[in-house]
Amino acid sequence: MQSYNNIKFFSIPSPSYVLEKDKLESNLATLSDIQEKSGAKVLLALKGYAFWRRFQEVGKILSGSTASGIHEARLGFEEIGGRESGKEVCVFSPAYKPSEINALLPIATHIIFNSFAQWQRYKSAIDSKNKQLETLGLSPISVGLRVNPLYSEVSPAIYNPCAPKSRLGIIPSEFQKGVESYGLEGISGLHFHTHCEQDSAALQRTLAHVEKHFGAYIPQMQCINFGGGHHITRADYDRGLLVSLIREFKAKHHDIEVFLEPGEAVGWQCGFLVGEVVDIVENDGQIAILDVSASAHMPDCLEMPYRPSVFKVSRQISDEASDGKIEITEADKGDPREPDSDISDIKASQSAHENPNQNPPKTCGKYHYRLGGPTCLAGDIIGDFSFDTPLNVGDRVVFEDMLHYTIVKNTTFNGVPLPSLGVVENGRFVMLKEFGYQDYKERN
Ligand SMILES: Cc1ncc(COP(=O)(O)O)c(C=O)c1O
């Protein structure tokens, strides 16, 4: 569990996503080190982390942003910077509409296409924009193609861009056909994205496939984008290997410019979602109904699926901590139960606890709860957890590591309020944005 000294959880309105600024800065320091040692440029993938209200440090350290379309590109341009401030605004979309390309031309530094047909469709628009940029003495828009190296270690398949019949990236045979039909003049970059929460050893294995299928084209390229999914800021990530892979790649290929575009690694473990227990019902076990929803506020809990780390804070503990320091004890931590555990298993395990001869599983607290959200979706379940002390109505439940792929994906399904956005900086909680009825109404 992470440390949370000085955070007064009851002073934070529930529900709220809360950024811990010092943890973000520590991630940025790690990424800065990677840039410095490897010579690669690290861009923030806004699809994963777009907490722009605290982008000041991000903009100082990272080399720019990467976007999936015009809205993210605009956000990156406005809040991190564009070519005028020496920052990259890289865009990849599976398919662009003409209106999107027109809106991207003034701000994008890199436009990556997913097919030769899309490149051809917009080639003349980009060429004329580049002529204009040239006369102003500004760097042209670099045009790239996303490739599919037919190799990815990602599972489940929903997250695997190289799964059979994937629409993401040009497969080697189609790339060859494209080169035969159109050549590569005007293409200055290749892009692949095949990782998700992976270590650098996976990149090492992937690079072999990229070189096997697309190595012949690399000499003509000025840059190559290794995509996202590199879990660089995770404590056990092999950063030394990443640095040497990039350095070796650059040395082998005419010092080609290398980009990395992580989202998750920027927002990794740098904030939480705080919710509140609103009721506890009984149906073959205790089910706590919270004001936060798996479906609306933590969708990856259902999509991946994964179980977040959880702890609870009771009013009593909070009041006692008059110096503001909250000790989260073992008793407050929610021990995960086996995935797919059934409520009947919870009962069995609970009675095992009451009978010490039955060897209770060591990781399980005595009190078991299913944590569920406030929506009508029967499957709006965050997971089954055990605590050493009972959970009560009014307790705060804190879900760790909830800043990436949550806020960017959340919804107002059932009209549930969007959690507020706040930050803990210099030991103080600051509210940045609250959402209300109008936010729900305007979306419908
Ligand atoms: C093309 C592309 N780049 C970058 C990313 C960011 O990946 P992550 O947040 O896992 O680092 C993604 C995520 O899906 C992606 O599709």
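Atoms considered below: every heavy atom in the structure, side chains included; atoms not considered: hydrogens, waters and symmetry mates. Both counts, for ligands and for their atoms, begin at 1 and track the order of listing.
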Open item on the list: Please confirm whether the ring centroid of Tyr440 lies under 6.0 Å from the ring centroid of Phe435.
Closed with: no

Open item on the list: Is it the case that the side chains of Ser293 and Asp380 hold a donor-acceptor pair, with the cut-off being a distance below 3.5 Å and no angle test?
Closed with: yes

TODO: Not counting sequence neighbours, list each pair that qualifies as a ring pair (Phe, Tyr, Trp, His ring centres under 6.0 Å) and has a residue in residues 196-223.
DONE: Tyr151-His209, Phe175-Phe214, Phe175-Tyr217

Task: Neighbouring protein residues of ligand 1 - any heavy atom closer than 4.0 Å - done: Ala45, Lys47, Arg146, His191, His193, Gly228, Gly229, Glu261, Pro262, Gly263, Glu264, Tyr405

- [ ] Hey, can you tell me if Tyr4 and Phe311 have their rings parallel, tilted or perpendicular (30° and 60° cut-offs)?
- [x] tilted

Open item on the list: Testing the 3.5 Å rule here: is there a donor-acceptor pair between the side chains of Thr109 and Glu88?
Closed with: yes

Open item on the list: Could you tell me if the side chain of Gln198 sits less than 4.5 Å from the side chain of Val154, heavy atoms only?
Closed with: yes

